Amino acid sequence: MDAGLSTRETLRRLDLIGEKPDHLNGILVSHEHSDHVAGLERLARKFRIPIYISRLTAPALGWNGDAPQMELFQAGASFSIGDIDIASFTIPHDAIDPVGFLFRAEGVRMGVVTDLGYITDSIRFHTRGADLLVLESNHDLDMLKVGPYPWAVKQRVMSRVGHLSNAGMCDFIRDDLDSATAHLILGHLSEHNNHPEIVRLVASQTLAERALTPRLTVAQQKNVTEVFEF
């Protein structure tokens with residue numbers, strides 16, 4: 001899902017988990033922002049991997065020559081890649097047609113929801129019953145307010161179409177996280193306006209309030225997480 005890293009870094013990380021790029025059946029794109037698509041064109045062309053992207057997002061990506069192979073879908077639609085069933089759903093972010101995804105395979109459900117300003121009813125619905133959930137915990141509000149970003153950027157990040165804060169993440173855990181979720185992965189942390197240990201602390205405290213005990217992982221940009229198996 002997404003290809004914001006360079007092709008070299010993507011290949012390095014695939015190698016670390018024993019995977020080969022020519023085994024990939026598709027690249028899913030959540031939205032067109034550069035940190036999600038910077039390496040997309042080269043990776044897709046080099047290994048002839050089809051790109052699955054919403055109909056409205058696809059025209060926003062400029063290609064060098066003819067576009068790579070693309071499979072277009074309508075936001076909110078469900079489709080399959082191999083034996084994985086995928087449901088897409090709209091998320092609130094300042095992109096053209098941003099989406100989150102729920103994956104189903106062999107009885108396991110995995111949700112991926114990042115780059116969102118707030119939690120919508122649709123997100124609550126699609127993440128219900130997820131065995132593994134990847135959720136944004138982008139920034140600490142106090143760190144953001146005194147951080148290095150220009151005020152206009154700070155306003156964008158804090159807006160309803162910006163990024164989910166640690167407080168917003170905790171509200172989701174407190175009010176909406178399904179007790180069936182066995183693995184909770186918090187990601188898309190800002191390098192300047194957050195810290196992994198802050199995220200881990202506030203998430204752990206909120207989980208304890210509900211006596212929930214999913215395995216908690218805080219993902220970081222420059223490190224590879226463990227491989228999760230069911």
Side-chain angles (χ1 to χ4, degrees), residues 1-55 57-58 60-73 75 77-89 95 98-115 126-127 130-136 181-189 191 196 215-230:
M1 179 178 163
D2 289 335
L5 301 172
S6 68
T7 298
R8 175 181 294 181
E9 180 63 11
T10 298
L11 297 182
R12 185 186 77 83
R13 296 192 184 198
L14 285 172
D15 186 62
L16 286 173
I17 61 172
E19 294 291 343
K20 303 297 182 184
D22 51 6
H23 293 167
L24 298 178
N25 295 325
I27 304 172
L28 284 166
V29 175
S30 62
H31 64 292
E32 76 279 7
H33 289 168
S34 62
D35 58 330
H36 291 257
V37 300
L40 176 64
E41 181 174 1
R42 185 178 179 190
L43 183 66
R45 288 192 190 281
K46 183 177 179 65
F47 298 101
R48 298 182 179 179
I49 307 169
I51 298 168
Y52 290 76
I53 188 170
S54 90
R55 296 180 184 278
T57 299
L61 301 181
W63 307 109
N64 295 316
D66 294 335
Q69 179 185 347
M70 289 194 291
E71 301 291 337
L72 304 181
F73 63 87
S78 297
F79 51 94
S80 296
I81 302 177
D83 59 358
I84 301 176
D85 296 324
I86 302 163
S88 67
F89 50 92
V99 292
F101 296 103
L102 178 71
F103 303 88
R104 299 184 185 90
E106 299 181 359
V108 175
R109 294 162 53 93
M110 184 183 82
V112 181
V113 192
T114 67
D115 295 74
H126 283 95
T127 58
D131 299 288
L132 183 149
L133 177 62
V134 180
L135 180 67
E136 179 169 61
T181 299
H183 299 272
L184 176 62
I185 305 171
L186 302 175
H188 213 285
L189 276 65
E191 288 188 295
R215 186 170 184 176
L216 176 65
T217 299
V218 179
Q220 300 179 50
Q221 294 182 28
K222 297 180 181 179
N223 298 320
V224 179
T225 68
E226 64 187 286
V227 176
F228 297 90
E229 297 182 354
F230 290 86

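Along the sequence shown, residues carry numbers from 1. Predicted model, so just to flag it, every value in this text is computed and none were measured.
With sequence neighbours excluded, the residues satisfying ring-ring contact (aromatic ring centres under 6.0 Å, His included) with His126 are Phe89. Contacts of Leu24 classified as side chain to side chain contact (heavy atoms under 4.5 Å, CB included), with partners at least two apart in sequence or in another chain: Leu14, Ile49.
Within a 6.0 Å sphere centred on CZ of Arg48, other residues, nucleotides and ligands contribute 12 heavy atoms or fewer. Other residues, nucleotides and ligands contribute at most 12 non-hydrogen atoms within 6.0 Å of the CD atom of Glu106. Enclosure of atom CG in Asp22 by more than 12 non-hydrogen atoms of other residues, nucleotides or ligands within 6.0 angstrom is indicated.
Between Ile53 and Leu72, some side-chain heavy-atom pair lies under the 4.5 Å cut-off. The shortest side-chain heavy-atom distance between His36 and Val29 does not fall under the 4.5 Å cut-off.
Residue Ala105 comes nearest to Ile84 through the heavy atom pair CB-CG1, 4.2 Å, listed as atom of the first residue, atom of the second, then distance. Listed here is the closest heavy atom pair of Ala130 and Thr181: O-OG1, 2.9 Å. Minimum heavy-atom separation, Tyr52 to Gly26: CE1-CA, 3.9 Å. Closest heavy-atom contact between Ala3 and Leu43: CB-CD2, 4.3 Å. Here the closest heavy-atom approach between residue Ile185 and residue Ala219 is recorded as CG2-CB, 4.1 Å. Residues Asn25 and Ile81 approach most closely at CB-CG2, 3.7 Å, considering heavy atoms.
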Discussion item. side-chain contact (heavy atoms from CB on, under 4.5 Å) for Lys20 and Asp15? Distances and angles first, verdict last.
Written reply: CA-CA 7 Å; Lys20 303 297 182 184; Asp15 186 62; 4.0 Å; yes

Practice prompt. Show the numbers, then the answer: is there a side-chain contact (heavy atoms from CB on, under 4.5 Å) between Phe73 and Ile86?
Written response: CA-CA 11 Å; Phe73 63 87; Ile86 302 163; over 6 Å; no

Worksheet entry | Stepwise side-chain contact (heavy atoms from CB on, under 4.5 Å) test for Trp63 and Met70 | CA-CA 12 Å; Trp63 307 109; Met70 289 194 291; 3.8 Å; yes

Discussion item. Run the side-chain contact (heavy atoms from CB on, under 4.5 Å) test on Leu189 and Gln221 for me, step by step, so that the C-alpha distance in whole Å, both residues' side-chain angles and the decisive distance to 0.1 Å come before the verdict.
Written reply: CA-CA 8 Å; Leu189 276 65; Gln221 294 182 28; 5.8 Å; no

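If you take CG on Leu61 and CG on Leu40, they are separated by 6.5 Å, rounding to the nearest 0.5 Å. To the nearest 0.5 Å, atoms CD (Glu226) and OG1 (Thr217) are separated by 5.0 Å.
Taking the six-membered ring where the residue is Trp, His183 and Phe228 present perpendicular rings, their angle passing 60° and hence far from 30°. Below 30°, between 30° and 60°, or above 60°: for Phe101 and Phe103 the angle between ring planes is between 30° and 60°, a tilted geometry.
Counting only residues at least two apart or on different chains, the salt bridge (charged side-chain N to carboxylate O under 4.0 Å, His left out) pairs with a member in residues 31-43 are Glu41-Arg45.
Asp85 contributes no side-chain N or O that, together with a main-chain N or O of Ser80, makes up a donor-acceptor pair within less than 3.5 Å. Of the possible polar contacts, one joining the Ser88 side chain to the Ala77 backbone as a donor-acceptor pair under 3.5 Å is found.
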